[in-house]
Engineer: 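Attaching a single structure in C-alpha cells format; questions to follow.
Here, residue 1 is the first one in the sequence, and each next residue gets the next number.
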Amino acid sequence: MRRAALPALGLLVIANFLGYAIVGDNGVLSWGDYRRIKAERAVELAQLEAERERLAHRASLLDPRHADPDLAEELVRRELGLVRPDEVIIEIDDPAPPGGH
C-alpha cells in the first residue's frame, strides 16, 4: 500500500494541474471569453479614438492663433446668449404633453 501511495499522490497533483489548465481562470475554456472581451474592447477603443479625433479637431479650430470664426461665434452666442442688433428672437413654448390639456 505504501508503494502505491506515492504514485497515487503524484497522479492527483498532475490531475489537479490539468484540471486548472482546462477549466481554471486562465484555462483553455476561458479563451472564448478572452476573445469576446477583446472584441468588445476593440469596438470601445475605436469609439474612443473617434471621439478623441473629433475633440482634437475641435480644439485645433479654437487655437487662438487662427481660430475658426464660425465656431468662435457659435460658442460665444451659445455660452453668453449674445444676439446681434438686427436679429429677432422668437421664443417657442414647449408643447403640452400628449393627452394633457
Engineer: Could you grab the distance from atom CD1 of Ile14 to atom CG of Leu9, nearest 0.5 Å is fine?
Structural biologist: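 If we round to the nearest 0.5 Å, Ile14:CD1 and Leu9:CG are 10.0 Å apart.
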Engineer: Mind checking the CG-CZ spacing from Leu55 to Arg52? Nearest 0.5 Å is all I need.
Structural biologist: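 So the gap between those two atoms works out to 9.5 Å.
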Engineer: Can you tell me if NE2 on His66 sees more than 12 non-hydrogen neighbours from other groups inside 6.0 Å?
Structural biologist: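 It does: His66 NE2 has more than 12 such atoms within range.
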Engineer: Does atom CZ of Arg41 have more than 12 heavy-atom neighbours, drawn from other residues, nucleotides or ligands, at distances under 6.0 Å?
Structural biologist: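 Counting other residues, nucleotides and ligands, CZ of Arg41 stays at 12 neighbours or fewer.
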Engineer: Heavy atoms, side chains only, cut-off 4.5 Å: are Arg35 and Lys38 in contact?
Structural biologist: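 No; the side chains remain at least 4.5 Å from each other.
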Engineer: State, yes or no, whether a side-chain contact exists between Asp63 and Asp68 at a heavy-atom distance under 4.5 Å.
Structural biologist: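 When only atoms from C-beta onward are counted, Asp68 and Asp63 do not touch, as no gap falls below 4.5 Å.
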Engineer: Indicate yes or no: does Arg54 engage Glu51 in a salt bridge with an N to O separation below 4.0 Å.
Structural biologist: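 Counted as a salt bridge, because a side-chain N and a carboxylate O are separated by less than 4.0 Å.
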Engineer: Using a 4.5 Å cut-off on heavy atoms from C-beta on, say whether the side chain of Leu71 contacts that of Glu74.
Structural biologist: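 The answer is yes; the side chains approach within 4.5 Å.
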Engineer: Any heavy-atom pair between the side chains of Glu40 and Leu45 that's under 4.5 Å?
Structural biologist: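 No; the side chains remain at least 4.5 Å from each other.
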Engineer: To the nearest 0.5 angstrom, please state how far the CG atom of Asn16 sits from the CG atom of Leu11.
Structural biologist: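 So the CG of Asn16 and the CG of Leu11 are separated by 12.5 Å.
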